[in-house]
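Each chain gets a letter, A, B and so on, in the order the sequences are listed, and its residues count up from 1.
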Protein chains: 4
Amino acid sequence: MTDQSVNSSMRKNKKAKILESSLALFSQKGYHASTIEEIAKAAGVGKGSVYNYFESKESLLKALIFETILEAVEWMDSDHDGVITEQEFFQVIRKSKKWLIKNRKFLILYYSIVTQPKVNIILEKELWQILEPHMKKAEDFFRHHGFADPVAELRFFFAMLDGISVNYVVDPNNFPLDHAVDRLIKYYEGLLQNDAPNR
Amino acid sequence: MTDQSVNSSMRKNKKAKILESSLALFSQKGYHASTIEEIAKAAGVGKGSVYNYFESKESLLKALIFETILEAVEWMDSDHDGVITEQEFFQVIRKSKKWLIKNRKFLILYYSIVTQPKVNIILEKELWQILEPHMKKAEDFFRHHGFADPVAELRFFFAMLDGISVNYVVDPNNFPLDHAVDRLIKYYEGLLQNDAPNR
Amino acid sequence: MTDQSVNSSMRKNKKAKILESSLALFSQKGYHASTIEEIAKAAGVGKGSVYNYFESKESLLKALIFETILEAVEWMDSDHDGVITEQEFFQVIRKSKKWLIKNRKFLILYYSIVTQPKVNIILEKELWQILEPHMKKAEDFFRHHGFADPVAELRFFFAMLDGISVNYVVDPNNFPLDHAVDRLIKYYEGLLQNDAPNR
Amino acid sequence: MTDQSVNSSMRKNKKAKILESSLALFSQKGYHASTIEEIAKAAGVGKGSVYNYFESKESLLKALIFETILEAVEWMDSDHDGVITEQEFFQVIRKSKKWLIKNRKFLILYYSIVTQPKVNIILEKELWQILEPHMKKAEDFFRHHGFADPVAELRFFFAMLDGISVNYVVDPNNFPLDHAVDRLIKYYEGLLQNDAPNR
DNA sequence: CATGAATGAGCGTTCATTCAT
DNA sequence: CATGAATGAACGCTCATTCAT
């Protein structure tokens, strides 16, 4: 057992603890309803300390989101060769499921933020810079498989993932996640093997 | 119709104006970030007047949501015979698209609310009472078409709708709504016509 | 049975009803905590009507107080000959007791008002004009009975009455009103019959 | 003592300053008519600071009342032997006078509060717990002096004190406090020395 | 006169942020 | 860096008062 694996609350650094407790609170009560004092208390630090690590409540939110997004991108994109194979495509879906389960709290927060235009605009630009290269690769994947409109195809694909995702995070105990992911995989298996029609 | 009844701004009654402006603001800035004063000003009424029509900010939110949900249910469920035919099923999808476009603001609000557990709990129970009978009918539809797990099937179906919905409302200018709806329709056409495999 | 004796709520005029219900509410919840709307509702009239009879909430309060004070003065001072006899003096005490019981609500209000300097100043002057002549007569009573400082004597006498009064109105069920009034009467009987010492 | 500890206005701690200024305002304008902002300003602190020391305006009021009551009980009851002698009884009266003068503001507030049933109920129970043991002792005093109804006797005694008290605090410049206290003392001297009649 | 919808000043309270220690 | 007392802008909400009907 390495030193880092010692249980969370024991010796994580303060910044990480603050991120952790703010994620827990934001996802549970919402961003506005969570106070800096609660976050600090949950992180086991003083209220003022939060401001030693983050400029403001809003920048804490941003940091939280980017941290997880970057982590996710990293995690998904294990192969950096710039091309997505069919095998990798289905791999991503399966990985998504695991990631979804692990990052439920984050996703709740993410969807509640992303649905607020005023807030969304702030994130949008920066997020896009991170995600764009990966999107391009995914577009190419659909393009190379002969889809007439790979951009639309990609957005539809993400819509399906979002649909599953949002339903799972909101109701993790009842939503049939396995069933849904299976359906999605079967769907794209059919679509990709198929000769032409749906493209 | 007397002269006084043609008063200023289109003579919509105040309650309706308040609902309208609060929907606009809630969907744009979020529930918490919108203030009663803004809502009142946008509705062209005094701050205190809001409280002549709604008990509190929260009850205004609730009213807003239930009003639209009930309208939607009514609108979707034109045929009250208790059974959904295949034709009606595809009809619902097509109607959904129109409703989505018309109720974009509402949906933004809805998704931002539904992803906040604390708030969600308040709505959940009451909403469920309204929606349950319709869900049962939809379940029966899948059951009668030979699906092994109609409940899961239904949730998957709604996940797909949610996926399209949430992507459209967040980015209406770029999301390929028609493409996505077409894909969805084709998918279910395949699934329903098919002899067995996917069920 | 005369026409006026028909039960209160039946055909009292509106002004009287408003005075009645405001007294009930003011004494129960306090002046500030009672709203015009409550008063109006309790009086069975519209909110706006209160303003047809009284200029403001404050003037309603004033009217309430002066009305009862004048009534009380009238009631106490049945004999207008300008002189208080010993018999009349004890009569007043006994009458006070009855009045106390009848006007408990008023007295609660009165004491809560009189203990607020800012408010009290408003009343003080006007009240004094009403009460002064009667006070003079009472002073003379003590003076004629040989008290060295009739003004102080009078104030002490009223302090005793106030003491009994405030204790009774605050706790009418437990305060031994009869006992207290008896003590007071005996005390003054002793004082007045006595030859000299206490004066 | 460091230099910083001699800060501005006498370095009374903030909580004490807030209590002081709220007492001044409550007694002058009444509880409801005094605002937190005024209190804060008078105490030389920010509005928000009041809430660092007191949960709410109401709890500030309660703190104010209990603080003084407890102090008073302590002050009056110097001898804790559980028995009141005749000498101590008269001592209490004389002490009361001094306390009255010192705590005029408090008493104005106290009487204005105690005459509002709704508010009174909140205090009543807690106050009673503090005062009860002392009342019992006073009851015993009257009992041991042969009074037929010591409970009533005690209440009458407090009524007399209240009468003097309320008249003094409302009109401290004109009310003949010394005269009244003398009268009261003489009265009880007579009553206690006397053989029997009045008991 | 009677009414109650409309109003906005003003309240108690919250909370992100600052800063002296 | 760490802290939490101090702050005041800003909020939701109340209610005395007005006024069109």
Side-chain angles (χ1 to χ4, degrees), chain A residues 13-15 18 31-41 43-60, chain B residues 2 4-5 7 13-15 18 31-41 43-60, chain C residues 13-15 18 31-41 43-61, chain D residues 2 4-5 7 13-15 18 32-41 43-60:
Chain A
N13 68 55
K14 290 198 176 174
K15 189 170 183 178
I18 293 167
Y31 171 74
H32 279 101
S34 306
T35 71
I36 295 287
E37 189 155 21
E38 283 174 322
I39 292 166
K41 196 161 287 176
V45 303
K47 187 173 20 162
S49 292
V50 175
Y51 287 86
N52 288 331
Y53 296 100
F54 303 95
E55 285 211 325
S56 66
K57 194 185 177 188
E58 197 184 311
S59 77
L60 168 56
Chain B
T2 67
Q4 291 87 22
S5 73
N7 197 331
N13 72 52
K14 295 207 168 153
K15 189 171 183 176
I18 292 167
Y31 171 74
H32 280 103
S34 308
T35 73
I36 294 288
E37 193 154 20
E38 284 173 322
I39 291 167
K41 199 160 285 177
V45 303
K47 184 170 31 157
S49 292
V50 174
Y51 290 89
N52 287 338
Y53 296 99
F54 303 95
E55 288 213 325
S56 64
K57 194 186 177 188
E58 198 183 312
S59 79
L60 169 55
Chain C
N13 68 53
K14 290 198 178 176
K15 188 169 183 177
I18 293 167
Y31 171 75
H32 279 102
S34 306
T35 72
I36 295 286
E37 190 155 18
E38 285 173 321
I39 291 167
K41 197 160 285 174
V45 304
K47 187 170 24 159
S49 291
V50 175
Y51 286 87
N52 289 332
Y53 295 100
F54 303 95
E55 285 212 327
S56 65
K57 195 185 176 188
E58 198 185 310
S59 77
L60 168 56
L61 174 65
Chain D
T2 68
Q4 288 88 26
S5 72
N7 197 329
N13 72 54
K14 293 206 169 154
K15 190 170 183 176
I18 293 167
H32 280 103
S34 307
T35 72
I36 294 286
E37 193 154 19
E38 284 173 322
I39 291 167
K41 199 160 285 177
V45 302
K47 186 171 25 160
S49 292
V50 175
Y51 289 88
N52 287 339
Y53 296 99
F54 302 96
E55 288 214 325
S56 64
K57 194 186 178 186
E58 196 184 313
S59 79
L60 169 56

- Task: Would you indicate what T35(B) reaches in the nucleic acid, counting non-hydrogen atoms under 4.0 angstrom: base, sugar-phosphate, or nothing?
- Result: sugar-phosphate
- Distance in angstrom units between I18(A) CD1 and dC1(F) P, rounded: 12 Å
- Task: Please state how far atom CD in E55(C) lies from atom C1' in dT17(F), giving the value in whole angstrom units.
- Result: 12 Å
- For the base of dG10(E), is there a side-chain donor-acceptor partner from K47(B) under 3.5 Å away? yes
- Message: Once you apply a heavy-atom cut-off of 4.0 Å, does F54(C) come out as touching a base, just sugar-phosphate, or nothing?
- Response: nothing
- Message: So if I take every side-chain heavy atom of V45(C) and compare against dT3(E), dA6(F), dT3(F), which nucleotide ends up nearest?
- Response: dT3(E)
- Query: Phosphate oxygens OP1/OP2 of dA5(E): is one of them under 4.0 Å from a side-chain N or O of S49(B)?
  - Reply: no
- Message: What is the separation between atom OH on Y53(B) and atom C1' on dG12(F), rounded to the nearest whole Å?
- Response: 19 Å
- Y51(D) OH to dA9(F) C1', straight-line distance once rounded to whole Å: 15 Å
- Mapping S34(B) and G44(D) to their closest nucleotides on DNA chain F, which lands nearer the 5' end? G44(D)
- For V50(B) and Y31(A), take the nucleotide of DNA chain E holding the closest heavy atom to each; which residue's nucleotide lies nearer the 5' end? V50(B)
- Searching all strands shown, indicate the nucleotide that pairs with dG12(E) (Watson-Crick or G-U wobble; both distances under 3.5 Å). dC11(F)
- Item | Integer-rounded Å distance: dG12(F) P and E58(B) CD | 12 Å
- Within the distance-only criterion (no hydrogens, no angle test), does the side chain of S49(C) pair as donor or acceptor with the backbone N or O of N52(C) below 3.5 angstrom? no
- Which of the following nucleotides, dT7(E), dT17(F), dA5(F), is nearest to the side chain of S56(C)? dT17(F)
- Query: Got L60(A) and I39(A) here, is their nearest side-chain heavy-atom distance under 4.5 Å?
  - Reply: yes
- May I have the distance from K15(D) (atom NZ) to dA5(F) (atom P), rounded to whole angstrom? 12 Å
- Nearest-Å distance for atom pair NE2/P, residues H32(C) and dG10(E): 14 Å
- Message: Using a heavy-atom cut-off of 4.0 Å across all strands, would you classify K57(D) as base, sugar-phosphate, or nothing?
- Response: sugar-phosphate
- Message: With a cut-off of less than 4.0 Å, is there a side-chain N or O of N52(A) near OP1 or OP2 of dA2(F)?
- Response: yes
- Message: Against the six-membered ring of Y51(D), is K57(D) placed for a cation-pi contact (under 6.0 Å from the centre, within 45° of the normal)?
- Response: no
- Message: Without decimals, in angstroms, what is the distance between L60(D) CG and dG12(E) P?
- Response: 11 Å
- Task: Please tell me which of the listed nucleotides, dG4(E), dA16(E), dA9(E), lies nearest to the side chain of I36(A)?
- Result: dA16(E)
- Message: Between H32(D) and Y31(C), is there a side-chain heavy-atom distance shorter than 4.5 Å?
- Response: no
- Message: Is any side-chain heavy atom of K15(C) closer than 4.5 Å to one of I18(C)?
- Response: no
- Item | Distance test, side-chain N/O of K14(B) to OP1/OP2 of dA6(E), below 4.0 Å | yes
- Query: Is there a Watson-Crick or G-U wobble partner for dT21(E) with both distances under 3.5 Å, and if so, which one is it?
  - Reply: dA2(F)
- Pairwise C1' distance for dT21(F) and dC1(E), with rounding to whole Å: 13 Å
- Does any N or O in the side chain of S59(D) come within less than 3.5 Å of the main-chain N or O of E55(D), such that one atom is a donor and the other an acceptor? yes
- Message: Categorize S59(A) for me: base, sugar-phosphate, or nothing, with a 4.0 angstrom heavy-atom threshold over every strand shown.
- Response: nothing
